**Q** 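Please see the structure below; I have some questions.
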Amino acid sequence: MKSAIYNFNAGPSILPKTVFEQAAQAVLNFNNSGLSILELGHRTEAFQAVMNEAISLVKELMQLDADHEVLFLHGGASTQFFQVPMNLLNENEIAAYTDTDIWGAKAIKEARLFGHVEVVGSSKEAAYSYLPKNMIIPKTAKYLHITTNNTIYGTQWHDMQPFYEAGVPIVADMSSDILSRTLDFNKYDLIYAGAQKNVGAAGVNLVVINKNLLGKVDRKLPVMMDYRNHIENGSMLNTPPVFAVYVCMLTLRWLRDQGGVAAIEKINDQKASLLYSTLDQLPIFKGTAAKEDRSKMNATFVMDNADLEKEFLAICKENNLVGIKGYRTVGGFRASLYNAMPLEGVKVLTDLMKDFAQRKG
Ligand SMILES: *Cc1c(COP(=O)(O)O)cnc(C)c1O
């Protein structure tokens with residue numbers, strides 16, 4: 001018998017097996033209605049219930065206060081790179097940005113179309129291998145934009161206190177670590193996340209907004225770009241990505257049934273500590289991120305010898321471990337340890353690493 005497949009892809013990525021099964025069933029026969037979820041009108045009671053449950057699960061799992069609204073929007077996280085400044089930043093105003101990965105750099109580029117960007121910290125010169133510390137965030141900034149987890153280079157902010165103390169609204173791209181660890185989500189004024197990494201299927205974006213922040217820019221906004229219109233319409237301003245929202249709802253239910261964010265965080269900590277402790281024991285593998293900034297979601301590592309890298313990739317493939325290859329411009333390895341990855345998958349990977357190191361070392 002072939003061993004189980006473990007999918008370490010960075011996104012779209014692994015989801016709970018029960019979610020795949022329920023989603024597949026809903027494509028054939030949604031809630032015993034005889035209809036597929038794919039042919040269901042988005043204004044039907046049946047779909048309205050899906051949207052309502054998805055929104056209320058996000059509020060429950062993140063313990064959001066009444067000022068924070070939840071939206072499921074189109075266009076992926078990359079659309080938020082410009083929708084955020086469009087809604088929050090006037091042309092003559094400043095926003096503070098951190099430049100900690102390719103995604104953060106893209107967000108900066110888009111924000112510059114709408115106002116002034118002050119880059120308050122960057123690790124670009126060191127191939128984004130660490131996170132800048134002791135940043136000075138101007139009090140005049142309309143907001144501070146951070147990327148909480150840097151999917152490509154494998155770093156993650158662990159001490160959020162300096163951000164909370166900056167005294168300006170915080171906007172966070174949480175695409176690759178949303179709902180993976182306990183945070184005081186109410187301290188963030190705007191959170192966005194492409195769903196395909198830790199929340200569901202590709203095609204939808206989870207956005208959480210403190211509504212008090214809105215309505216303060218001078219520019220005219222296209223209807224679809226104005227967050228207020230989406231809030232007023234319960235995230236149903238136009239046809240939402242029905243199936244993608246449904247998959248998010250199932251994944252959020254699964255997370256609640258696991259015990260919520262605090263419970264999954266414990267398992268995520270175990271997975272990350274197993275992987276990194278293995279990495280540090282085996283000189284043949286080298287972690288690429290500064291130890292204190294290592295991501296618990298995307299672990300990046302390399303070998304000195306490109307032939308050995310190829311060999312190890314082939315061994316992973318033979319053993320049904322998929323998606324271990326590093327980002328196309330970075331190389332090496334990246335193991336993504338999202339919520340749905342069981343500890344067992346990391347055990348299989350680390351056993352292969354140990355075995356390989358013993359044979360080659
Ligand atoms: C994947 C990713 C994005 C881009 O997401 P899209 O939905 O493809 O636009 C943005 N930010 C981070 C941190 C990501 O990991």
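Since the structure is predicted, the reported quantities are computational estimates derived from the model, not experimental observations. Numbering of ligands and ligand atoms starts at 1, following listing order.
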**Q** Using the six-membered ring of Phe81, assess whether NZ or CZ of Lys106 lies under 6.0 Å from its centre and within 45 degrees of the ring axis.
**A**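 No, a cation-pi geometry is absent between Lys106 and Phe81.
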**Q** Can you tell me if Lys17 has over 12 outside heavy atoms packed within less than 6.0 Å of its NZ?
**A** no
**Q** For atom 5 (O) of ligand 1, find the nearest protein heavy atom and state the residue, atom name and distance (0.1 Å precision).
**A**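 For this ligand atom, the closest protein heavy atom is Ala77 CB, 3.4 Å.
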**Q** Among protein heavy atoms, which lies nearest atom 11 (N) of ligand 1, and at what distance?
**A** Asp173 OD2, 2.6 Å
**Q** Counting only heavy atoms not in Arg328, do more than 12 sit closer than 6.0 Å to its CZ atom?
**A**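 Counting neighbours around CZ of Arg328, 12 or fewer heavy atoms of other residues, nucleotides or ligands fall under 6.0 Å, so no.
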**Q** Nearest to atom 15 (O) of ligand 1, what protein heavy atom do you find, and at what distance?
**A**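 Here the closest protein heavy atom is Thr151 OG1, 2.5 Å.
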**Q** Which of the numbered atoms in ligand 1 are below 4.0 angstrom from a heavy atom of Phe81?
**A** 10 (C)
**Q** When you measure from the side chain of His68 to the backbone N and O of Lys59, does any donor-acceptor pair fall under 3.5 Å?
**A** no
**Q** Between Asn9 and Asn7, is any side-chain donor less than 3.5 angstrom from a side-chain acceptor?
**A** yes
**Q** To which protein heavy atom is atom 14 (C) of ligand 1 closest, and what is the distance rounded to 0.1 Å?
**A** Lys197 NZ, 2.9 Å
**Q** Answer side chain, backbone, both or neither: which part of Lys106 comes under 4.0 Å from ligand 1, heavy atoms only.
**A**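 None of Lys106 does.
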**Q** Heavy atom of Gln196 under 4.0 Å from ligand 1?
**A**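 Yes, Gln196 has a heavy atom closer than 4.0 Å to ligand 1.
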**Q** Give the residue, atom name and distance (to 0.1 Å) of the protein heavy atom nearest atom 9 (O) of ligand 1.
**A**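 Among all protein heavy atoms, the one nearest atom 9 (O) of ligand 1 is Ser78 OG, 2.5 Å.
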**Q** Does the side chain of Met297 come within less than 4.5 Å of Lys197's, by heavy atoms?
**A**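 Heavy-atom side-chain distance check fails, nothing below 4.5 Å.
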**Q** Give the contacting part of Tyr192 toward ligand 1: side chain, backbone, both or neither, where contact means a heavy-atom distance below 4.0 Å.
**A**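 Under 4.0 Å from ligand 1, Tyr192 contributes no heavy atoms.
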**Q** Is atom CD of Glu60 surrounded by more than 12 heavy atoms (other residues, nucleotides or ligands) closer than 6.0 Å?
**A** yes
**Q** Of all the non-hydrogen atoms in the protein, which one sits nearest to atom 4 (C) of ligand 1, and at what distance?
**A** Trp103 CZ3, 3.5 Å
**Q** Less than 3.5 Å apart, any donor N or O on the side chain of Asp173 or Ser175 sitting next to an acceptor on the other?
**A** yes
**Q** Could you tell me whether Thr147 approaches ligand 1 through its side chain, its backbone, both or neither, with non-hydrogen atoms closer than 4.0 Å?
**A**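 The side chain, only.
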